[in-house]
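Just so you know, ligand 1 is whichever comes first in the structure, and atom 1 is the first atom listed for that ligand. As the structure is a computational prediction, the values presented were derived from the model and not from experiment.
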Amino acid sequence: MVRVWIEKISEEPELYMIRIDDTRIRYFEATWEIPEGITYNAYLMKTGDAVVLFDATKKEYADEFMEALKKLVDLREITHIIVHHTEPDHSGALPRILEENGHRAMIIGTTFAKKLLEGFYGITENFYSIKDGEEMKIGESTFRFITVPWLHWPDTMITYIVEEGIMVSCDAWGGYSIPEAIDDSNEEVVEKYLPYVTKYIVTVIGHYHKYIVENIEKIKRLGILEDVRMILPGHGLIWRKNPRRIFEHYERVGAGIPKKGKILVIYDSMYGFVGRRIEVALDELKKLGYNPIVYTFTDKNAPPVSDILGEVPDSEALIIGASTYEADIHPRIRYLLYELVDKANYEKPVLILGSFGWGGMAGRKIETLITRSKFDHIDTLESKGWPSKEDEKRIREGVRRLVAHGF
Ligand code: FEO
């Protein structure tokens, strides 16, 4: 049974949230493991003689979405559909809605969105392409459209409802998981939710994370940040108690601001050789008063890559341990690194620890990846089989150099 929330969030103008809780999903974008699930939020506003729908939902939930919409409005009465972003988790139900609407509504979005809607669904009619910063009077409200490219695609924009200080933002300021409330009024709910926001930012927007900071700067320059009273994202919690908080969280993650003492340790160990090296490193870190967060790939354990990526932005430094496997990096770490330097490419120091049987290769290959990325390579300490006393001494020295690097 799919949970659908229909919540009135403002009396004047009449504004509703329709939230679908996706508990069936396992891998967002067929990649990112999210046992915590995700919500798809859309909004409906009645202003004067206009009825405005902000985004839709995933095709899989079109039936539930339309049923919810019909409790609020006759679909033929929808006058405008604002498409902030065309990824199908927000647009998949659009063809059905338009059909029941009789194609009466004006569709509003960026020129980029227009091209994508045509490519995805063959939608070409009645589309209005906005200009960045353009204002439009709809019903009794003034809508300002602001492009926020790469949050999450080049098509993306947000709507600022001027009189109310409401920002409808789709992917931007969203997060994973299915919060037990619709808004940020309960601190416990917010505390539980924020780590899922970080994981969402890194896995979904991480490749473009510099645009998070750029787009927030843009909103600041427009002078509306101080006036925002409510943020209505396409995923997760609404922000109305403290909208500034989600901007600040996005800014911190976008800039990779570290949490004091957090060192991220990731390694594979097939038979314990890399594991022993990590034990030594962890012992040294603890002696130095650091707080390592450890993710281990073994013959009994494979943590989700999406969780690991979510740990990177607020880490001070990373230790990566890998076995050499067929003259390459162990497959689990190889895949992880591929995503790490793509999605979570931050200027943080990295120490590489490696073990091999007859020929070392993983360490050098990781080093090549790291030195080509924004990460700062501290050292590669790779040796044969079980670590010798001398190896252990070098690992301890390496850890001391890592934390002395300055964050
Ligand atoms: Fe929530 Fe980029 O879609």
Side-chain angles (χ1 to χ4, degrees), residues 2 4-5 17-34 36-43 53-62 64-65 81-95 97 107 109-110 112-117 119-121 123 146-159 167-179 182 193 196-212 214-216 231-239 246 249-250 253-254 306 309-310 339 342-344:
V2 180
V4 182
W5 304 58
M17 173 195 215
I18 303 159
R19 179 178 122 174
I20 308 268
D21 292 353
D22 189 351
T23 52
R24 292 180 197 145
I25 192 166
R26 296 264 65 86
Y27 305 99
F28 188 69
E29 296 178 334
T31 300
W32 311 113
E33 195 166 340
I34 51 164
E36 64 271 28
I38 190 167
T39 76
Y40 312 112
N41 311 338
Y43 303 91
L53 175 65
F54 301 87
D55 299 307
T57 201
K58 207 175 174 184
K59 186 178 175 186
E60 178 181 343
Y61 296 110
E64 290 83 354
F65 186 74
I81 301 176
I82 300 180
V83 177
H84 294 101
H85 168 41
T86 54
E87 189 164 3
D89 53 331
H90 307 284
S91 67
L94 261 184
I97 295 165
I107 306 167
T110 61
F112 219 113
K114 182 176 193 287
K115 289 179 192 153
L116 291 174
L117 286 185
F120 290 173
Y121 312 112
I123 295 172
I146 303 162
T147 60
V148 286
W150 305 108
L151 296 185
H152 155 222
W153 282 357
D155 64 345
T156 311
M157 66 172 204
I158 55 181
T159 299
M167 184 178 281
V168 192
S169 60
C170 203
D171 270 3
W173 336 135
Y176 287 139
S177 83
I178 298 177
I182 61 158
Y193 174 61
Y196 293 121
V197 175
T198 307
K199 176 176 167 182
Y200 164 88
I201 295 172
V202 178
T203 55
V204 177
I205 311 173
H207 181 78
Y208 312 109
H209 68 83
K210 73 170 186 168
Y211 294 101
I212 295 172
E214 279 183 17
N215 278 303
I216 292 177
I231 297 176
L232 307 179
H235 302 289
L237 287 181
I238 290 176
W239 296 84
I246 191 66
H249 188 83
Y250 262 69
V253 176
S306 49
L309 296 180
E339 294 302 336
D342 178 46
K343 292 278 188 179

Self-check item: Closest Asp89 atom to atom 1 (Fe) of ligand 1 [N, O or S only]
Solution: OD2
Practice problem: Just give me the atom name: the N, O or S atom of Asp171 closest to atom 1 (Fe) of ligand 1. | Solution: OD1
Quiz item: Closest to atom 2 (Fe) of ligand 1, which N/O/S atom of His152 is it?
Solution: ND1
Quiz item: In Glu87, which N, O or S atom comes closest to atom 2 (Fe) of ligand 1?
Solution: OE1
Quiz item: Between the side chains of Thr39 and Asn41, is a donor N or O closer than 3.5 angstrom to an acceptor N or O?
Solution: yes
Quiz item: Among the N, O or S atoms that His85 has, which is closest to atom 2 (Fe) of ligand 1?
Solution: NE2
Quiz item: Do the side chains of Ile238 and Tyr43 get nearer than 4.5 Å, heavy atoms only?
Solution: yes
Quiz prompt | For the student: nearest non-hydrogen atoms of Ser177 and Tyr193, plus distance | solution = OG-CD1, 3.5 Å
Exercise. Specify whether an N/O/S atom of His235 falls short of 2.8 Å from atom 1 (Fe) of ligand 1.
Key: yes
Quiz item: Cut-off 3.5 Å, side chains only: do His90 and His235 have a donor facing an acceptor?
Solution: yes
Self-check item: Cys170 backbone or side-chain N/O/S under 2.8 Å from atom 2 (Fe) of ligand 1
Solution: no
Quiz item: Do you see a donor-acceptor pair shorter than 3.5 Å between the side chains of Thr159 and His84?
Solution: yes
Quiz item: Strictly under 6.0 Å, is that where the ring centroids of Tyr176 and Tyr196 end up?
Solution: no
